[in-house]
Amino acid sequence: LGTHFKGEGVGGATTMELYEQLTAQGDKVRSLKTAKADKADVDAAIQLLLKLKVDYKEVTGQDYKAGCPPSGTAVSNDRQSENGGEEDTVDPWNVATNSAKGVDYDKLIVRFGSSKIDQELVDRIEKVSGQKPHRFLRRGIFFSHRDMNQVLDAYEKQKSFYLYTGRGPSSQAMHVGHLIPFVFTKWLQDVFDIPLVIQLTDDEKYLWKDLSLEDCHRFAEENAKDIIACGFDVNKTFIFSDLDYMGSSPEFYRNVVKVQKHVTFNQVKGIFGFSDSDCIGKISFPAIQAAPAFSSSFPQIFKGRKDVQCLIPCAIDQDPYFRMTRDVAPRIGYPKPALLHSTFFPALQGAQTKMSASDANSSIFLTDTPKQIKNKVNKHAFSGGKDTIEEHREQGGNPDIDVAFMYLTFFMEDDEQLEKIRQDYTSGILLTGELKKMLIETLQPMITAHQENRKNVTDEMVKQFMTPRPLNFNF
């Protein structure tokens with residue numbers, strides 16, 4: 001659900017007001033269809049109508065029926081947790097589900113209209129790249145895509161592409177979940193030998209959070225060190241802060257303006273749930289996240305070429321930005337970016353929410369000491385085990401809801417070892433404490449190594465990565 005329905009919309013609106021909003025929105029959809037309006041506008045209006053219907057049901061407990069005003073009193077919002085049939089909430093700002101297994105990703109593919117990464121596509125990536133697929137592909141952590149086959153078709157014909165991913169720097173502290181897109185993007189960069197641009201949206205964080213502009217910019221530079229520590233090749237990687245690059249790149253800004261001209265307020269309301277009380281910076285921000293998907297935004301890298309295809313690896317909550325981008329691209333003469341979507345990295349407390357940097361206990365930070373990691377996993381990691389050892393030995397644990405097991409699927413390289421752990425935990429041979437110990441022993445060296453790498457990242461290196469320049473790349 002869009003942001004403005006969290007709180008203001010539902011909290012502030014009476015059921016009658018919601019009913020009236022719905023009726024008005026229904027009329028609007030009909031009149032747009034009658035007027036044969038632009039498809040994008042119709043789609044946006046329908047999206048908003050569907051959102052309002054979900055809200056209406058959440059507040060009243062009844063389905064909306066035209067001409068039948070709400071009867072009886074509103075039920076409280078905790079209806080959501082009672083009925084398991086509620087839709088998962090997935091948007092760029094909120095991720096929530098009632099299921100301990102986490103978000104239903106197959107349903108999400110249908111809802112977002114993307115395609116599943118099936119075994120056939122994984123095999124094809126292996127064939128084209130000549131490398132064993134990354135564990136994130138083998139295990140369905142990157143599970144959905146848009147146009148990946150098209151990218152591979154072109155690559156087989158010696159037509160290159162480039163990678164684009166990003167990070168919203170809202171604090172100095174990054175957690176292990178933030179590494180997922182970067183670990184995978186590095187693998188893609190290595191196996192396909194292609195350039196990469198990484199956008200740090202310090203402007204976005206200033207617009208959305210209660211932070212000073214200076215802090216947001218400083219967080220961007222601090223986060224850049226963690227990103228560089230993942231091992232990216234400086235000759236093939238450009239990292240940029242929006243606050244710096246947009247003011248120094250006429251080509252980038254021109255693409256932002258082109259996108260702004262081709263997206264209506266109705267469309268962003270429908271896609272992102274913006275309301276009339278959101279600042280105008282938020283409303284125009286999606287155009288800034290769209291611009292890096294066009295190669296002409298980086299003339300220093302692509303020598304002015306407009307036709308280099310972009311591939312965006314990101315978590316699926318960012319997809320609304322790129323649905324919008326793909327809609328606009330052909331209208332401004334650019335190829336549509338392709339996407340690879342990852343699942344969310346679950347919070348320690350369970351997969352109902354994703355890990356969040358603002359809650360210290362839900363996250364394992366890249367700055368945590370081995371002792372902190374051990375304590376957090378032992379104390380907070382949600383367990384799929386039974387209450388007593390006897391019961392666990394007898395009935396076994398449930399790896400599908402066990403956070404320690406979920407984390408191992410992200411970080412343990414050996415498929416056979418992981419499968420044995422799954423079987424032993426399910427049968428009760430392996431206890432929760434032993435499973436947590438395995439996770440601790442996997443995370444501690446990984447995070448210590450990251451901290452060592454980060455220590456070696458100098459300010460000079462950051463400057464090098466963040467300076468607009470040609471990359472080692474021939475088209």
Side-chain angles (χ1 to χ4, degrees), residues 39-40 43-44 46-47 88 90-92 95 103-126 128-129 133-134 136-137 140-157 159-166 180-182 184-185 187-189 191-192 194 196-199 255 259 262-263 267-268 270-272 286-287 289-295 297 306-344:
K39 182 181 179 301
D43 289 350
I46 291 170
Q47 282 297 108
D88 297 334
V90 175
D91 66 33
V95 174
V103 170
D104 185 329
Y105 290 106
D106 287 334
K107 270 191 191 160
L108 207 53
I109 287 176
V110 175
R111 200 168 115 200
F112 280 10
S114 57
S115 309
K116 194 177 173 69
I117 295 179
D118 53 15
Q119 194 52 49
E120 200 181 325
L121 182 56
V122 175
D123 294 343
R124 185 163 182 218
I125 291 171
E126 177 169 23
V128 176
S129 69
H134 193 275
F136 292 171
L137 282 171
I141 288 168
F142 272 80
F143 70 99
S144 150
H145 74 100
R146 295 183 188 277
D147 291 347
M148 186 61 190
N149 278 308
Q150 199 181 306
V151 171
L152 295 172
D153 289 344
Y155 190 78
E156 282 183 317
K157 298 187 181 103
K159 270 190 77 176
S160 192
F161 61 99
Y162 74 101
L163 296 163
Y164 157 39
T165 192
I180 304 305
F182 294 113
F184 188 61
T185 301
W187 180 81
L188 290 168
Q189 183 184 49
V191 302
F192 289 106
I194 45 176
L196 157 68
V197 295
I198 298 175
Q199 180 181 46
N255 279 340
V259 176
H262 290 83
V263 180
Q267 283 171 279
V268 288
I271 301 167
F272 301 101
Q289 192 159 320
F294 308 130
S295 59
S297 294
K306 296 176 177 176
D307 60 342
V308 187
Q309 167 108 49
C310 175
L311 173 64
I312 306 169
C314 62
I316 193 152
D317 57 338
Q318 296 299 305
D319 186 69
Y321 283 110
F322 302 117
R323 288 207 291 279
M324 181 200 83
T325 308
R326 285 168 54 85
D327 180 54
V328 171
R331 289 156 48 206
I332 57 177
Y334 295 140
K336 290 181 176 187
L339 285 109
L340 291 170
H341 298 124
S342 76
T343 58
F344 302 114

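All residue numbers in this chain count up from 1 along the given sequence.
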Ion pair present between D147 and R326, side-chain N to carboxylate O less than 4.0 angstrom?
yes

Does the pair V128 and F192 meet the rule for a side-chain contact (heavy atoms from CB on, under 4.5 Å), with working shown?
CA-CA 9 Å; V128 176; F192 289 106; 4.2 Å; yes

Quick one: are I332 and V259 in side-chain contact, heavy atoms under 4.5 Å?
yes

If you take all heavy atoms of L163 and Q189, which pair is closest and at what distance?
CD1-N, 3.6 Å

Measuring only between side-chain heavy atoms, which start at C-beta, is K116 closer than 4.5 Å to S144?
no

Let me confirm one number: the OG-OH distance from S295 to Y162, rounded to the nearest 0.5 Å.
5.5 Å

Closest heavy-atom contact between P320 and P92?
CG-CD, 4.0 Å

OH on Y334 to CZ on F294, rounded to 0.5 Å
7.5 Å

With the side chain counted from C-beta on, respond yes when S160 and V308 share a heavy-atom pair under 4.5 Å apart, and no when they do not.
no

How many angstroms lie between CG in D153 and CD in Q150, if you round to the nearest 0.5 Å?
7.5 Å

Heavy-atom distance under 4.5 Å between the side chains of V103 and T343, does that happen here?
no

Between P335 and K306, what is the shortest heavy-atom contact and its length?
CD-O, 3.4 Å

As a quick check of understanding, evaluate side-chain contact (heavy atoms from CB on, under 4.5 Å) for F344 and I180, giving each step before the final call.
CA-CA 9 Å; F344 302 114; I180 304 305; over 6 Å; no

d(S114 OG, I109 CD1) to nearest 0.5 Å is 5.0 Å

Does a side-chain heavy-atom distance below 4.5 Å link R146 with F322?
no

Test side-chain contact (heavy atoms from CB on, under 4.5 Å) on E156 and R124 and set out the steps.
CA-CA 11 Å; E156 282 183 317; R124 185 163 182 218; 2.9 Å; yes

Locate the shortest heavy-atom distance separating D91 from D317; write the atom from each residue and the value.
O-CB, 3.4 Å

S297 (side chain) donor-acceptor with A291 (main chain) under 3.5 angstrom:
yes

Any non-hydrogen side-chain atom of H262 less than 4.5 Å from a side-chain atom of D327?
no

Where is the tightest heavy-atom contact between Q289 and Y164, given as atom of each residue plus distance?
O-OH, 2.6 Å

Just by modelled atom types, is the K336 backbone N or O under 3.5 Å from a matching donor or acceptor in the Q309 side chain?
yes

Measure the acute angle between the ring planes of F161 and Y155, then classify it against the limits of 30° and 60° as parallel, tilted or perpendicular.
perpendicular

Does a donor on one side chain and an acceptor on the other come within less than 3.5 Å for Q47 and D43?
no

Gap separating the CD atom of E126 from the CD atom of Q119, nearest 0.5 angstrom:
9.0 Å

With side-chain contact (heavy atoms from CB on, under 4.5 Å) as the criterion, how do I125 and L152 come out once you've worked through the C-alpha distance, each side chain's angles and the decisive distance to 0.1 Å?
CA-CA 8 Å; I125 291 171; L152 295 172; 3.8 Å; yes

Heavy-atom distance under 4.5 Å between the side chains of F272 and P286, does that happen here?
yes

Distance from L196 atom CG to L188 atom CG, nearest 0.5 Å?
9.5 Å

For D88, does its backbone N or O pair with a side-chain atom of D104 as donor and acceptor, under 3.5 Å?
no

Is any side-chain heavy atom of F184 less than 4.5 Å from a side-chain heavy atom of T165?
no

Please name the pair of heavy atoms, one in R323 and one in F112, separated by the smallest distance, quoted to 0.1 Å.
NH1-CG, 3.4 Å

